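All remarks here apply to the structure that follows.
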Amino acid sequence: MDINGKIYKNFLNRIEQFNIQNGPDKIKKQHAKGKLHARERIALLFDKNSFEELDAFVTSATPDTGLGKIDEAFGDGVVIGHGHINGRLVYVFSQDFTVMGGSLGAVHAKKIMKVQDLALKVGAPIIGLVDSGGARIQEGVASLSGYTSIFHRNIQSSGVIPQISVILGPAAGGAVYSPAITDFVFMVKKTSYMFITGPDVVKEVLNEEVSFEELGGAEIHARKSGVANFIYEDEENVLLGIKKLLSFLPSNNLENPPYVESNTKKDNINEKLRTIVPDDPFKPYDVKKVIGLIVDHNSFLEVSELFAQNIVVGFARLNGKAIAIVANQPKVLAGVIDINSALKAARFIRFCDSFNIPILTLEDVPGFLPGLDQEHGGIIKHGAKLLFAFSEATVPKITVILRKAYGGAFCVMNSKNIGGDYSFAWPTAEIAVMGPEGAVSILNRKELQNSEDPNKLKNEFATKYRQEIANPYIADQQGYIDEVIDPADTRMKLISAFETLENKHVEQPARKHGNIPL
Ligand code: HXC
């Protein structure tokens, strides 16, 4: 064999070693836990043959600290690289739980930083597939330093490129904070969980018994903490969900979201919208049905569906163009604004503003949720976040008032006074300082106190108030809204209004950044 032959043989040997290390045994180990292997995940996520791996052969470089053996597997427990998803460039890191539990040591961290830097430099989204026991205990402070540098990069990239975290196993300790900073968190039911300290620590410190699932499973983070934006039954569906989300997002903050040929007539007049709001103002209806009748057929992707269900947020297409929707949900808690719904909507609005996605607000809100829990929990500062987010957003912003727009809620939900570009109302809109029942209790207190049948009288006053004051026409006459529209024409009106705003440009005063009430 000549010298070139030997060199080539060495090269092949290395690849053989690599394939043995990542062979069927490792894959079986993952499958036994009901999970896919880091490389299988990448294969499902990216367009066929488009993935290019980087740093496949690096090994842990940290000297033995005496805390235990470090596995010198190729790759140091994480696969990194880039590929195409539906033809668009995306960077990825995918942690390999079969190598020291996907724990993060110095080299592992450097690899993640490498793709973070590349993604930011070229302006492409980055996806982190997380399956990790957190900071690698044997590597001590080197792992902590690695995590911290990753967090710093997450923060530098925030608002510049979309960052998506996908939790596909444990995300313990330091592993949770990168996802927490990124724009969207996906989880899988039963096999993924996120927590700062695990059940053992909880037992030790608080003497409380808690399971992984109760502490930080997908359902808990989707419903209670709001940390997870999307949860799915299995990994295959999570990976499909990511592709759907990406289809609405630009690759970076300098681009517009991708356009897709519309599947619905532009001038679709939908008469069902005329009767969707019930005659009885106390009767709920499902705002998601309203959304479905306005946007392109089947295009709505709800974000954080299970958290704070009194507000609905998500992406959709209107005549082929991506828009974001923020809608009060009368079906849940009458659509009131409370702490959780304010936080959910504010974060979503800030994402959309960062990435040039116009916002449609569908308003039907009786006000802020009263009560000790809310006041002591800080509804003042949390509700202010929603106000701040709507007001600072410079993307095109349109509101349609479907029914109630009372009090502070009228001001907060993208009113024209905080920069809403157009405000339309349906004839069913009720715009006033407060709801009829509350208003007449104050305005007609004396008559009600002296009445023999105060309930009957209150109803009469409330009906009069609703007819004469709580309607859209006073606001229309005074120019606080732009037009009372036929609900059936809503789609046409919105398409045309958003078209006029395509070149919207707002100059901001020079400043480092605003100070959102965190
Ligand atoms: C080194 C680790 C590790 C870690 C797991 N492993 N976590 N090695 N550092 N952090 C290793 C295990 O020793 C084991 O090695 C292999 O990974 C698989 O782990 P198992 O425990 O067998 O798996 P499983 O039963 O599925 O349990 C997974 C787990 C558990 C729940 C994640 O391993 C665990 O509790 N790990 C520690 C989690 C944790 O407390 N992390 C916080 C670190 S502190 P072998 O050789 O047996 O296969 C932190 C702070 C950073 O992250 C703060 C930054 C802000």
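All values derive from a computational prediction rather than experimental measurement. When a ligand or atom number is given, it counts from 1 through the structure's own listing order. These values consider heavy atoms only, across backbone and side chains, with no hydrogens, waters or symmetry-generated copies.
Considering CD1 of Ile80 and CD of Gln95, their distance stands at 12.0 Å, rounded to 0.5 Å. A distance of 11.5 Å separates OG in Ser341 from CD in Gln329, rounded to the nearest 0.5 Å.
In this structure, atom 26 (O) of ligand 1 has protein heavy atoms in its sub-4.0 angstrom surroundings. Contact annotation for atom 6 (N) of ligand 1: protein present (non-hydrogen atoms, distance under 4.0 Å). For atom 52 (O) of ligand 1, a protein non-hydrogen atom is found at a distance below 4.0 Å. Counting only heavy atoms, the protein never gets under 4.0 Å from atom 34 (C) of ligand 1. Under the 4.0 angstrom criterion, atom 20 (P) of ligand 1 counts as lacking any protein heavy-atom contact. Taking a distance limit of 4.0 Å, we find that atom 41 (N) of ligand 1 is approached by some protein heavy atom. Using a 4.0 Å threshold on non-hydrogen atoms, atom 49 (C) of ligand 1 counts as touching the protein.
Polar contact with ligand 1: present for Gly174 (N/O pair, distance under 3.5 Å). In terms of polar-atom proximity, defined here as any N/O pair under 3.5 Å, Leu144 makes no such contact with ligand 1.
Among protein heavy atoms, the minimum distance from atom 55 (C) of ligand 1 is reached at Phe151 CE1, 3.6 Å. Atom 14 (C) of ligand 1 has as its closest protein heavy atom Gly101 N, 5.0 Å. The protein atom (non-hydrogen) at minimum distance from atom 9 (N) of ligand 1 is Ile137 N, 3.1 Å. Looking only at protein heavy atoms, the nearest one to atom 3 (C) of ligand 1 is Ser103 CB, 3.9 Å. Protein heavy atom at the shortest distance from atom 44 (S) of ligand 1 is Ala135 CB, 4.1 Å. Among protein heavy atoms, the minimum distance from atom 1 (C) of ligand 1 is reached at Gln138 OE1, 3.1 Å. The single protein non-hydrogen atom nearest to atom 31 (C) of ligand 1 is Phe212 CE2, 3.8 Å, given as residue, atom name and distance.
Tyr232 does not carry Lys189 over the face of its six-membered ring by the limits of under 6.0 Å from the centre and within 45° of the normal. Cation-pi geometry between Arg223 and Phe307 is not satisfied (NZ or CZ under 6.0 Å from the ring centre, within 45° of the ring normal).
His382 is not listed as a side-chain neighbour of Asp338, based on a closest heavy-atom distance of 4.5 Å or more. With contacts defined as side-chain heavy-atom distances shorter than 4.5 Å, the pair Phe230/Val238 does not qualify.
A centroid separation of 6.0 Å or more is found between the aromatic rings of Phe355 and Phe248. The six-membered or imidazole ring of Phe186 lies away from that of Phe184, with a centre-to-centre distance of 6.0 Å or more.
Of the candidates Tyr177, Phe195, Phe97, Tyr147, the one placing a heavy atom closest to atom 28 (C) of ligand 1 is Phe97. Residue Gly133 holds the heavy atom nearest to atom 39 (C) of ligand 1 of all those in Gly173, Gly77, Gly133. Distances from atom 11 (C) of ligand 1 to the heavy atoms of Met100, Arg136, Lys29, Glu139 show the closest one on Met100.
Between Lys321 and Glu502 there is a salt bridge, since at least one side-chain N of the basic residue sits less than 4.0 Å from a carboxylate O of the acidic one. Using a cutoff of 4.0 Å between basic side-chain nitrogens and carboxylate oxygens, Glu302 and Lys288 are scored as salt-bridged.
Atoms of ligand 1 found under 4.0 Å from any heavy atom of Lys33 (numbered from 1 in listed order, with element): 23 (O), 24 (P), 26 (O).
Between Phe57 and Phe18, the ring planes are tilted. Angles from 30° to 60° get that label.
At least one donor-acceptor pair under 3.5 Å links the side chain of Thr399 to the backbone N or O of Asn414.
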